[in-house]
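First comes the structure, then the notes that go with it.
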Amino acid sequence: MTTRELGPIAGALRHIILMVGAAVMIAPFVWMVATSLKPQGEILVAELRFLPERWAALHNYTMAFTRVPMLRFLLNGVLVTAAIFALQILVNLPCAYALAKLRFRGRNALFAVVLLGLLIPLHATAIPIYILLHMLDLVNSYTALVLPFTISVFGIFLMRQFFMSVPNDLIDAARIDGVSEIGIVWRIMLPTAIPAVTAFGIFSVVAHWNDYFWPLIVVRTKDLYTPPLGVAFFRLNDAGTEYGPLMAAATIVILPLVTAFLLAQRRFIEGVTFTGLKR
Amino acid sequence: MTVGNLASAADTVEADRQRDWREALAAMALVGPATALIVVFLIGPLVCIALLSLTDYQLGAKALRFVGLANYAEMFGDRVFRRSLENTLTYVGVVVPLSVFLGLGAALLIEASASLRGFYRTIFFLPVMATLIAMAVVWEFVLHPQFGMLNLALNAIGMTGQDWLHDRKIVLFTFCGIGVWQSLGFNMVLFMAGLTSIPRDLYEAAEVDGAGQAWNRFWTVTWPLLGPVTLFVVVISAIRSFQVFDAIQVLTKGGPNRASEVLLYTMYSEGFEYFRSGYAAAVTMVFLAFVLALALFKTWFLDRRVHYG
Amino acid sequence: MAQVELTGIAKSFGEVRVLRDVSLEIRDGEFVTILGPSGCGKSTLLRIIAGLERQDAGRIRIGARTVDTLRPNERDIAMVFQSYALYPHLTVAGNLALPLRMRLLSWQQRLPGARWFSPHIRAVERDINRRVSEAAALLQMETLLPRKPAQLSGGQKQRVAVGRAMVREPRVFLMDEPLSNLDAELRVHMRAEIAQLHRRLGVTFIYVTHDQAEAMTMSDRVVVMMDGQPLQFSSPGAIYSDPVDLRVARFVGSPRINTLPGVTTGRRSIDLAGLELPFDVALAAGERVTVAIRPAATGVAGQHGLPGSGVPGLSGRLVHRENLGSDLFLHARIDALDTTVIVRQDPSAIDAFPLGMQLQVDIPVDQALAFNSAGARIRSRVVARAAAS
């Protein structure tokens with residue numbers, strides 16, 4: 001941002017401030033991991049220690065998987081998140097393409113609705129959607145977890161903006177080569193839009209892996225719990241006293257996204273920024 | 001015009017119709033599913049929620065009665081709701097300025113030099129990625145009055161700890177703290193995007209014009225150009241803050257004694273614990289009014305002026 | 001191979017009439033260029049021929065078939081786009097193969113892995129690969145086949161775009177300003193290559209451009225289009241020396257043709273500020289006309305012809321000189337007509353023309369073109385003879 005490097009004093013000051021900030025930001029993570037390694041006896045002591053004297057990692061993590069069906073929760077999380085993303089692409093990409101590149105009656109009206117939809121958070125429509133699912137007897141099912149999210153006006157908007165920048169010539173070339181409109185979506189637009197699809201994918205996966213509100217509302221039985229529900233359930237189940245296994249469970253739930261983030265930081269930050277700015 | 005011409009003209013019209021139909025069909029096939037789902041899961045529910053708020057509907061009830069504005073009257077006369085609204089506004093009022101200000105500060109400091117830039121960015125962004133519900137459970141333990149890290153650390157430097165989640169005077173601000181911790185990194189990356197879009201030439205020009213010091217450069221170049229971005233970040237951070245729910249639901253359920261009751265929690269408990277759908281719909285309308293007002297403000301006022309290339 | 005026949009094509013976008021009643025007959029194997037300024041409707045016309053855009057009225061025949069209702073891929077055409085329109089996610093080989101795969105394989109057969117189950121698919125794919133390598137060999141780009149478009153230079157992309165059009169073995173090649181994204185040197189080179197390709201393939205080429213050099217150098221015939229209408233459809237030579245419309249005369253040729261306001265005398269001549277040009281055509285007196293003459297066709301009296309040689313001339317003052325090395329252009333201000341005339345001279349004579357000098361500009365009648373007030377050409381027998389020679 002600046003045209004030259006900071007002086008030594010300013011540089012040192014920058015590091016001091018940022019180090020303090022970073023320490024605060026990362027403290028809960030450190031405490032979580034540290035606690036997940038300690039035996040109960042070392043956790044409930046009024047002393048600030050990070051490394052355990054006696055390691056109880058194996059016990060805590062085993063407990064996290066055995067006390068509650070954690071594996072099942074994780075699997076549900078993967079399943080729901082993947083299904084939502086796959087269906088979002090399947091439903092929203094063709095619509096985005098049509099809005100960006102085809103002339104058809106009602107296009108402007110549809111786009112206006114999409115823009116309006118951008119302003120509405122899910123919480124606002126939760127009650128009627130719940131009532132609808134209730135009437136269809138779909139509450140407490142994978143369908144209830146996935147279906148309301150298959151439509152993403154945000155995804156449509158984002159992909160449309162991206163498709164607008166794809167040259168019309170490319171689409172015309174495909175038409176001349178004999179690719180159908182639906183073929184153009186999948187054979188030409190999708191591969192061209194991989195950066196935008198990735199950004200949207202990161203946004204979608206992060207949002208739905210972490211979502212607590214909707215699963216809390218529509219899920220009744222443990223076999224459908226997603227990871228956030230699983231952690232909340234674990235906490236209630238153990239009356240919040242067995243902190244070692246609880247912190248192990250929290251670590252397990254956080255780990256997939258955090259690992260993915262650490263491996264592809266640039267992608268994630270770009271994805272979140274991109275989707276954040278367009279929102 | 002000969003008969004042959006007439007016949008072939010008719011053919012053309014017929015073929016044209018076929019082609020129109022084929023194109024319309026293709027467009028329908030592409031937008032159909034999305035449009036149907038928008039109607040079912042967005043427009044329909046939006047209309048329903050408004051209508052529902054005028055009824056006494058209870059989930060599972062056989063019938064419903066139109067009650068006019070009774071729900072709204074009850075709501076505004078209700079101490080719990082007023083408390084909830086007040087708490088939400090306080091939460092937004094605390095979290096937005098803090099997370100925007102700290103996010104901007106972090107962005108500026110991190111981008112000021114290449115040294116450890118990636119490291120800091122990663123650390124500050126980490127809470128954005130982490131599952132909030134899991135982190136809420138972690139925070140609960142960090143804030144544990146006896147064995148929690150925060151109080152232990154405070155004791156170590158000679159300060160007395162607090163019962164962060166059970167003290168009525170403190171609990172809301174504790175959640176504000178968690179909220180700032182969680183959203184700071186998000187605001188930070190938005191600011192970083194804003195910073196990189198400022199052309200380098202401008203800094204050089206400012207330097208030539210005598211704005212050599214970092215402080216001067218900030219006021220002459222960075223801040224004026226970042227102004228619209230800041231407004232934008234303020235609005236989306238406010239929208240996000242209105243949606244505060246997860247940590248409160250799992251840790252305090254709005255307590256103690258409604259001290260951490262917020263709009264979405266009120267909506268949740270009325271709608272999904274007591275199944276008073278009509279009343280919950282009215283609460284939702286209040287929530288929606290705030291969010292929509294902010295979103296419209298952003299759309300009409302900002303989108304015209306902020307350009308991200 | 002096929003002739004292309006357009007009858008009464010019209011097209012509007014909303015209120016704007018882009019094409020009005022365009023009829024053209026393009027012969028089999030001919031290289032026809034549609035030349036015109038931007039916005040004249042030439043690209044729209046090409047897109048209508050391709051089937052990418054639908055005409056509001058009129059018919060299109062390609063070969064023996066009326067193609068109005070056919071989709072682009074059913075019309076036996078190929079198109080090269082200005083932006084090349086290469087599929088960015090496919091290699092060059094993939095780009096060349098795609099039109100063939102779309103045509104020769106059904107969607108089930110194109111599924112990944114389908115080839116393992118069917119010797120038929122493998123045979124078709126071998127055939128596709130063979131045709132792709134043939135096209136690559138013909139365009140001398142075998143080494144580019146495994147690359148992605150992003151790794152190619154502008155000229156290479158252009159070549160791939162042509163290759164992709166070629167593998168389909170179309171009956172008509174459509175090209176929409178294919179050279180305008182290239183630098184000047186490459187453009188000259190590709191001009192020669194495209195002309196060569198046309199000779200080798202022998203199929204019909206319809207080429208759209210706003211660049212008269214491209215039109216003049218490559219085409220058998222040129223259509224000059226303006227305001228949604230073809231003004232003239234003839235050989236490049238005739239477009240230059242025998243334009244039928246003042247707009248054509250003005251659009252073609254660089255520097256621009258000189259235009260001089262005149263009035264008919266009624267004595268089979270035109271009056272240019274006192275200079276009477278004999279014109280072998282019967283016109284009523286007092287009609288406003290425009291006399292046009294190419295800078296290269298004029299001369300300066302005393303240089304070109306001797307004074308009194310019989311060539312009429314206008315007197316003017318030298319206000320500006322442009323020495324391009326190969327040509328010297330003198331800008332002479334003709335006060336009597338309130339206009340400036342450009343005259344071509346040999347650069348070696350530059351010293352003979354100091355700025356500000358008075359000079360006499362020749363208007364050789366056999367080279368001059370006359371247009372009526374609507375811009376239509378007035379033919380004089382003298383001129384007709386000159387054009388024929």
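Computed from a predicted structure; not experimentally measured. Each chain gets a letter, A, B and so on, in the order the sequences are listed, and its residues count up from 1.
- Listed for the C:Tyr87 side chain is a donor-acceptor partner under 3.5 Å among the backbone atoms of A:Ala174.
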Inset, instruction - Determine, stepwise, if the pair A:Arg187 / C:Leu98 fulfils side chain to side chain contact (heavy atoms under 4.5 Å, CB included). - result: CA-CA 10 Å; A:Arg187 301 178 64 96; C:Leu98 189 116; 3.7 Å; yes
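- Heavy atoms of other residues, nucleotides or ligands lying less than 6.0 angstrom from CG of A:Asp137 number 12 at most.
- At a threshold of 4.0 Å, the pair C:Arg101-A:Asp177 does not count as salt-bridged, since none of the basic side-chain nitrogens sits closer than that to a carboxylate oxygen.
- At most 12 non-hydrogen atoms from other residues, nucleotides or ligands lie less than 6.0 angstrom from CZ of A:Arg105.
- You'll find the side chain of A:Leu170 reaches within 4.5 Å of the side chain of C:Pro88, heavy atoms only.
- Under the 4.5 Å side-chain criterion, counting only non-hydrogen atoms from C-beta, A:Arg175 is in contact with C:Leu52.
- Put simply, of A:Ile176, A:Ile171, A:Ile194, A:Asn168, the one with the most heavy-atom pairs under 4.5 Å next to chain C is A:Ile176.
- In this structure, A:Arg107 places its CZ atom where more than 12 heavy-atom neighbours from other residues, nucleotides or ligands lie under 6.0 Å away.
- Residue A:Arg266 places its CZ atom among 12 or fewer non-hydrogen atoms of other residues, nucleotides or ligands, all under 6.0 Å distant.
- The environment of C:Phe117 atom CZ is sparse: at most 12 non-hydrogen atoms of other residues, nucleotides or ligands sit within 6.0 angstrom.
- Atoms CE and OG, on C:Met102 and A:Ser180 in that order, are 6.5 Å from each other to the nearest 0.5 Å.
- In this structure, chain A has heavy atoms under 4.5 Å from both the backbone and the side chain of C:Ile77.
- C:His89 places no side-chain N or O within donor-acceptor distance of the main-chain N or O of A:Leu190, the cut-off being under 3.5 Å.
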